[in-house]
Amino acid sequence: MSSRHLTIAGIAVAFALPAFAQQQNQAIPYPVTPQATETQPSQALGQGAEQRQQRTQQGGAPQDTQTPMRQGQANSAPAAQGQQQSQADRQYVQQALALSTVSLQQSNFALSKAQNPRVKQFAEFEIGEQNNLTDILHSFADPAATASTTAGAQASASTAPELSQEDSAAMERLSKAQPGAALDRDYVALQIQGHQRLLKLQETYLQNSGSREMTNIAKLARGQIREHIAMLEAMQKELGR
């Protein structure tokens with residue numbers, strides 16, 4: 001798998017968002033004589049402002065579209081949805097950057113120390129792909145990058161990822177390991193573990209309500225991660241556990 005695949009597909013998914021044409025309908029004028037609202041009796045609406053005011057104080061009726069209760073419900077729904085989306089994007093970007101950083105550093109060590117040709121080649125591919133993914137995620141820190149980027153994604157993309165003690169210890173172990181078959185096996189095992197966590201991240205995010213652009217990136221990443229897991233498991237059988 002070439003590292004250029006993620007570059008082309010990732011950037012295309014992240015930034016080549018579809019455009020939708022908007023049609024403007026001309027209003028058709030009708031020759032009518034306007035009457036004051038209070039002079040138009042209606043059994044459903046009431047005879048005047050006094051009856052509508054009574055219904056408003058009692059919680060409103062379906063016809064009372066301007067009651068405070070109905071206005072509050074209409075205004076709060078989009079805001080709540082936006083907050084939920086921003087929160088999902090924030091968590092996704094944070095975790096994706098952290099896991100990508102770990103995989104990238106592990107692969108840097110393996111590229112210089114691995115002895116098995118397939119392991120070394122995989123490390124080279126992984127470095128290219130993780131660098132591209134990191135660049136794409138960091139691009140969301142620029143508010144001008146795309147109009148639909150949520151505040152959560154922007155904030156997470158602009159901060160350094162926090163690594164767990166387990167991940168930090170694994171990178172330190174590889175940095176100090178001597179070249180040989182043991183390092184190759186350790187690297188492949190760590191990559192399988194990391195890719196399984198990455199796959200779980202994509203699947204969890206896709207079950208939530210995220211932004212369109214981030215959802216497309218997660219779908220793209222999910223397919224490539226599955227391919228990498230299959231490659232790594234095949235290498236692990238060749239190397240022995």
Side-chain angles (χ1 to χ4, degrees), residues 1-14 91-138 160-208 210 214-241:
M1 180 183 299
S2 172
S3 62
R4 291 177 297 177
H5 289 173
L6 182 59
T7 306
I8 298 172
I11 293 177
V13 169
Q91 293 178 349
Y92 175 78
V93 173
Q94 277 183 341
Q95 296 178 36
L97 283 173
L99 292 172
S100 179
T101 299
V102 173
S103 181
L104 176 62
Q105 293 301 325
Q106 290 177 355
S107 299
N108 280 326
F109 296 136
L111 183 62
S112 61
K113 297 181 179 183
Q115 292 187 338
N116 185 284
R118 289 192 63 192
V119 173
K120 187 179 288 290
Q121 184 183 50
F122 181 87
E124 183 177 5
F125 288 161
E126 190 69 12
I127 289 171
E129 292 189 353
Q130 293 305 329
N131 275 326
N132 289 329
L133 178 60
T134 300
D135 288 344
I136 291 172
L137 293 177
H138 278 312
E162 296 183 5
L163 305 183
S164 66
Q165 293 183 350
E166 180 183 358
D167 290 333
S168 298
M171 288 192 298
E172 184 177 1
R173 184 172 72 248
L174 282 181
S175 68
K176 297 178 179 179
Q178 296 298 317
L183 181 141
D184 291 359
R185 289 193 297 269
D186 193 15
Y187 168 71
V188 170
L190 288 172
Q191 284 292 302
I192 290 176
Q193 182 185 43
H195 277 70
Q196 288 172 342
R197 292 165 62 189
L198 276 168
L199 180 59
K200 183 178 180 180
L201 173 63
Q202 316 309 317
E203 293 175 340
T204 299
Y205 177 79
L206 291 173
Q207 292 174 356
N208 298 323
M214 213 73 72
T215 296
N216 289 334
I217 290 177
K219 289 178 180 179
L220 171 69
R222 180 175 59 181
Q224 293 177 327
I225 291 167
R226 287 172 175 169
E227 292 179 2
H228 279 200
I229 290 176
M231 294 171 60
L232 288 163
E233 289 177 344
M235 282 189 287
Q236 190 176 58
K237 291 181 180 179
E238 294 180 5
L239 297 172
R241 294 181 180 271

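Numbers here simply count residues along the sequence, with the first being 1. Side chains included, hydrogens not; waters and symmetry mates left out as well; all remaining heavy atoms used.
Atoms CG and CD, on L97 and Q130 in that order, are 10.0 Å from each other to the nearest 0.5 Å. Rounding to the nearest 0.5 Å places CG of L199 at 5.5 Å from CZ of R226. For the atom pair CD of E162 and CG of D167, the computed distance is 12.5 Å after rounding to the nearest 0.5 Å. Distance NZ/K200 to CG/L99: 11.5 Å, rounded to 0.5 Å.
A donor atom on one side chain and an acceptor atom on the other are not found under 3.5 Å apart for Y205 and Q95. Side-chain atoms of Q191 and H228 form no donor-acceptor pair, as typed in the model, at a separation below 3.5 Å. Side-chain atoms of Y187 and S107 form a donor-acceptor pair, as typed in the model, at a separation below 3.5 Å. When only modelled atom types and interatomic distance are considered, N131 and T134 share no side-chain donor-acceptor pair under 3.5 Å.
Shortest non-hydrogen contact noted between L239 and V119 is CD1-CG2, 3.8 Å. What you find for A114 and D184 is that their closest heavy atoms are CA-OD1, 3.1 Å. Nearest heavy-atom pair across E172 and K176 is OE2-NZ, 2.8 Å. Of all heavy-atom pairs spanning S168 and L163, the tightest one is OG-CB, 3.8 Å. When all heavy atoms of H195 and S103 are compared, the closest pair comes out as CE1-OG, 4.3 Å. Residues M171 and V102 approach most closely at SD-CA, 4.0 Å, considering heavy atoms.
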Please report the C-alpha distance between L198 and Q202 in whole Å, then the side-chain angles of each, then the deciding distance to 0.1 Å, and finally whether the side chain to side chain contact (heavy atoms under 4.5 Å, CB included) criterion is met.
CA-CA 6 Å; L198 276 168; Q202 316 309 317; 4.2 Å; yes

Stepwise side chain to side chain contact (heavy atoms under 4.5 Å, CB included) test for Y92 and I217:
CA-CA 11 Å; Y92 175 78; I217 290 177; 4.0 Å; yes

Side chain to side chain contact (heavy atoms under 4.5 Å, CB included) between Q106 and R173, worked out:
CA-CA 10 Å; Q106 290 177 355; R173 184 172 72 248; over 6 Å; no

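Within the 3.5 Å criterion, the main-chain N or O of A182 finds no donor-acceptor partner in the side chain of D186. Looking only at distances, a side-chain donor or acceptor of S112 sits under 3.5 Å from a matching main-chain atom of F109.
Atom CD of Q196 sits in a crowded spot, with more than 12 heavy atoms from other residues, nucleotides or ligands closer than 6.0 Å.
For residues 94-123, the salt bridge (Lys or Arg N to Asp or Glu O under 4.0 Å) pairs, not counting sequence neighbours, are R118-E238.
At a threshold of 4.5 Å between non-hydrogen side-chain atoms, the residues L183 and Q178 do not count as touching.
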